[in-house]
Amino acid sequence: MSFDWADAKLRVRQAVDIVELVGDYLPLRREGRGYKALCPWHDDTKPSLQVNAERQSFKCWVCDIGGDIFSFIMKMEGIDFPEAVQLLADKAGIKLEPKRSPDGSLAPVDDKRELLQALAWAEQRFQAYLLNDPEAEPARRYLAERGITDESIHHFHCGYSPNRWDWLVQEARKTAFSARTLIGAGLIGERTNGPGHYDRFRGRVLFSIRDPQGRPVGFGGRVLPGISDDSPAKYVNSPETALFQKSSLLYALDHAKEAITRTRTAVVMEGYTDVVIAHQCGFKNAVAVLGTALGERHVKLLKRFADRIVLVLDGDEAGRKRTDEILELFVAEQVDLRVLTLPDELDPADFLLQHGSAAMESLMGDAIDALDHKFYSVTAGLGSQPSTHQISQALESILGVLAKAPRLADSPDSAAKMREDQTLVRLSQLSGISEERIRQRLAAMRRTATKPRAYESRSNSDKPAVPEVESPFTPVPDEQLFDSPKYAQAERWLLEIAVHAPEHIAELKTLVAVEELRHPAHRVILAAAFRISEEGILPDFDRLMLEFDDARAKNFLIDLDEGRRIKARAATSQELSELVRVLQDQSLAFRRPRRTAIAESGSKDSIEREEELVARLKALHERERSRQGISAPMDG
């Protein structure tokens, strides 16, 4: 649904207190006028996260992460800005009004909200049937036999769909949900042998699949043993919908993300039952893929919360074969992946029920690095005296994985680089081939991997890829932007005054032009302050924080405001004039060689534009000298 975002941001920001919001996620302790907590984004041993109730902001100076309520919820939940606004609005009980078109009619409605409501309703109906209906006794017995407790059934919202073709279709007739909505939610399908609809999950125990915010977006259904069904699949997941994409979701992440964030470790399993039993046994950071191989989107999702991933694979042959299919992805993503293959062809649920939590904990502690796992899996069958051909094949396989990883030469001290070095040393010891030759082969394979292939299709798009544009708030070293530390300091102070003392904005507009600033973030912020001021609104810190949705912009504003507060002095007109004079002197000096280069290029338009800007700068400079009673310098 389309909203008036400016109004929505203001209403939500006024309704949600950042101290209460952060306190919902982290234990806070009072310190002076503010609050502190252990930062969830680094290994924090003493509280580094500061929460400022007066400014309604947070900041970890170790991570350099800060912002307001929107930034915090985006970071904690791994969501984008519109989702953060909607989530906080729901939390505060604020109903966001749909944006109206110029003629007064409502804008087109996005039906995702209706789909979420339909799925929440279906989840409730499935669970109620499992818990209360006599016909669900076989389903209750099956879950008990699998070791799933009543508490877990409630906690994970398990359910059951009776073995009837149209039970849910009939239930929906008592509601306002249309068949079109239920089809869009993946709950029912259209009959192919006549009119009407059928229940997609009939005769199945259901595991509710939720997004990271805890909203049901789909289901995984396990057919009950002994029930005849026209589908041969033991498990059936919801079809791909506007809300449900298998490659972007992980089962139980909504329950596990707190433990994952706390331990910085995610445990990935292959089945819903595995995860439920794991949580019962104390492994609260366990999640599962949805009947598909772990992919790039899963990895990116987990990296929002975890630094390390332990992949627990079934001990059967299928589990061992799946290992090599995903190792290349993990190496390319440069995550700390540990691989654990269970013994005796057991799955995690059976292993935990038979051997207990301590045995699983011990195995996880011995889980090996992904590259080591690849090393062992490739070389395990070489025997005591492998042939030269076998050695060559093993090396090519292992180096092929490494070649697809991002280049590590620029980060020699990184853990990833250390793992690579150790692997290459071990490969040399195993094969009898020198480490230097192995490194040369890896370098050659990387060069081949990075060359564009002429036969690649452009079927996805007829247009060339658009290069990614850096945010103006991406950190840039001062020496890349400024001629001198004095200039960098003056420009920074000027922006600190603009943010912390907005009553000087009108005066600043007469002293400095936006394009005269070197730092791109400074130009963006000053332009926003000038624009807001022209609307008759004071561009104070709170108003500027509402102006930007980018979390990096909010963090930058906090740094500017904090810098001025630390200096603990009010800005004066004299200080402003002095700062502007430094900026103008440096700007003129910077433009002299630029004017020479433009003149040599012979571009008339460029020369005229440059001369016009320099003339304006000189006039501004002279005006300031006159204001301060400074005589113009004499020639000679």
Side-chain angles (χ1 to χ4, degrees), residues 115-175 177 179 181-183 185-189 197-211 214-239 241 243-244 246 249 251-252 254-255 269-280 288 290-291 347 349-350 353:
L115 296 180
L116 286 169
Q117 292 171 353
L119 285 158
W121 165 80
E123 179 190 75
Q124 186 275 327
R125 295 304 303 135
F126 289 141
Q127 184 166 70
Y129 196 93
L130 172 67
L131 295 175
N132 303 317
D133 199 284
E135 289 187 29
E137 178 56 32
R140 293 191 290 270
R141 187 166 56 248
Y142 167 80
L143 290 171
E145 290 170 354
R146 293 293 287 144
I148 296 176
T149 65
D150 290 344
E151 182 182 357
S152 289
I153 288 174
H154 284 88
H155 185 64
F156 288 95
H157 306 275
C158 299
Y160 178 65
S161 178
N163 192 28
R164 304 180 207 162
W165 280 94
D166 61 353
W167 174 79
L168 192 66
V169 172
Q170 296 297 332
E171 289 290 301
R173 289 178 179 170
K174 307 170 188 176
T175 73
F177 298 121
T181 297
L182 299 184
I183 292 172
L187 294 166
I188 66 174
H197 304 88
Y198 65 91
D199 290 3
R200 189 176 293 276
F201 296 107
R202 60 192 179 281
R204 293 178 182 269
V205 173
L206 297 178
F207 297 87
S208 178
I209 300 169
R210 296 181 155 215
D211 65 13
R215 302 173 299 186
V217 294
F219 296 92
R222 205 282 189 197
V223 67
L224 277 182
I227 288 185
S228 176
D229 186 76
D230 57 353
S231 172
K234 182 186 294 186
Y235 280 95
V236 170
N237 285 322
S238 293
T241 70
L243 299 174
F244 185 86
K246 289 189 294 184
L249 292 165
Y251 177 67
D254 58 316
H255 293 302
M269 299 177 173
E270 295 189 287
Y272 306 127
T273 304
D274 296 328
V275 169
V276 175
I277 298 297
H279 278 248
Q280 288 180 188
L290 308 180
D347 61 29
D350 289 336
L353 292 172

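It should be emphasised that the depicted structure is a prediction, and the values quoted were computed from it without experimental measurement. Note: hydrogens, waters and symmetry copies are ignored here, and every other heavy atom, side chains too, is used.
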K.L.:
Looking at side-chain heavy atoms only, is the closest gap between Leu143 and Leu130 below 4.5 Å?
P.N.:
yes
K.L.:
Taking all non-hydrogen atoms of both residues, which atom of Ser152 and which atom of Cys158 are closest, and how far apart?
P.N.:
O-SG, 4.4 Å
K.L.:
What is the distance from atom CZ of Arg222 to atom CG of Leu206, rounded to the nearest 0.5 Å?
P.N.:
12.5 Å
K.L.:
How many angstroms lie between atom CZ of Arg210 and atom NE2 of His157, to the nearest 0.5 angstrom?
P.N.:
3.5 Å
K.L.:
Check whether any side-chain heavy atom of Leu182 sits under 4.5 Å from a side-chain heavy atom of Trp121, and report yes or no.
P.N.:
yes
K.L.:
For Asp199 and Val169, what are the C-alpha separation, side-chain angles and deciding distance, and is it a side chain to side chain contact (heavy atoms under 4.5 Å, CB included)?
P.N.:
CA-CA 7 Å; Asp199 290 3; Val169 172; 3.4 Å; yes
K.L.:
Mind listing the closest non-hydrogen atom pair of Thr181 and Leu115 along with its distance?
P.N.:
O-CD2, 3.4 Å
K.L.:
Report the distance from atom CZ of Phe156 to atom CD of Glu151, rounding to the nearest 0.5 Å.
P.N.:
9.5 Å
K.L.:
What heavy-atom pair brings Phe244 and Pro239 nearest, and what distance separates the two atoms?
P.N.:
CD2-O, 3.4 Å
K.L.:
For side chain to side chain contact (heavy atoms under 4.5 Å, CB included), just list the numbers for Asp347 and Thr273, CA-CA rounded to whole Å, side-chain angles, deciding distance to a tenth of an Å, and then say yes or no.
P.N.:
CA-CA 10 Å; Asp347 61 29; Thr273 304; over 6 Å; no
K.L.:
Does any non-hydrogen side-chain atom of Leu131 lie less than 4.5 Å from one of His154?
P.N.:
yes
K.L.:
Show your working on side chain to side chain contact (heavy atoms under 4.5 Å, CB included) between Arg125 and Trp167 and close with a plain yes or no.
P.N.:
CA-CA 11 Å; Arg125 295 304 303 135; Trp167 174 79; 4.1 Å; yes
K.L.:
Is there a side-chain contact between Tyr272 and Leu290 (heavy atoms, below 4.5 Å)?
P.N.:
yes
K.L.:
Please report the shortest heavy-atom distance between Thr241 and Ala185, naming the atom on each side.
P.N.:
CG2-C, 4.1 Å
K.L.:
To the nearest 0.5 Å, what is the distance between CG on Asp166 and CZ on Arg202?
P.N.:
10.5 Å
K.L.:
Can you see which heavy atom on Leu243 is nearest to which on Val217, and at what distance?
P.N.:
O-CB, 3.8 Å
K.L.:
Quick check: does any side chain N or O of Arg204 sit under 3.5 Å from a backbone N or O of Lys234, one acting as donor and the other as acceptor?
P.N.:
yes
K.L.:
Pair Leu187, Arg200 - check side chain to side chain contact (heavy atoms under 4.5 Å, CB included), show working.
P.N.:
CA-CA 6 Å; Leu187 294 166; Arg200 189 176 293 276; over 6 Å; no
K.L.:
Does the side chain of Ile153 come within less than 4.5 Å of Gln127's, by heavy atoms?
P.N.:
yes
K.L.:
Does Glu135 use its side chain to pair, donor to acceptor, with the backbone of Tyr129 at less than 3.5 Å?
P.N.:
no
K.L.:
With rounding to the nearest 0.5 angstrom, report the CG to OH distance, Asn132 to Tyr160.
P.N.:
14.5 Å
K.L.:
Nearest 0.5 Å, what's the CG-CG distance between Asn237 and Leu249?
P.N.:
10.0 Å
K.L.:
Once you measure the plane-to-plane angle for Tyr235 and Phe207, does it fall in the parallel (<30°), tilted (30-60°) or perpendicular (>60°) bin?
P.N.:
tilted
K.L.:
Considering all heavy atoms of both residues, which atom of Leu119 and which atom of Gly218 are nearest to each other, and what is their separation?
P.N.:
CD2-N, 4.3 Å
K.L.:
Could you tell me if Tyr251 and Asp274 have a donor-acceptor pair between their side chains, going purely by distance under 3.5 Å?
P.N.:
no
K.L.:
Report yes if some heavy atom in the side chain of Tyr142 is under 4.5 Å from a heavy atom in the side chain of Ile148; otherwise report no.
P.N.:
no
K.L.:
Are the side chain of His279 and the backbone of His255 linked by a donor-acceptor contact shorter than 3.5 Å?
P.N.:
no
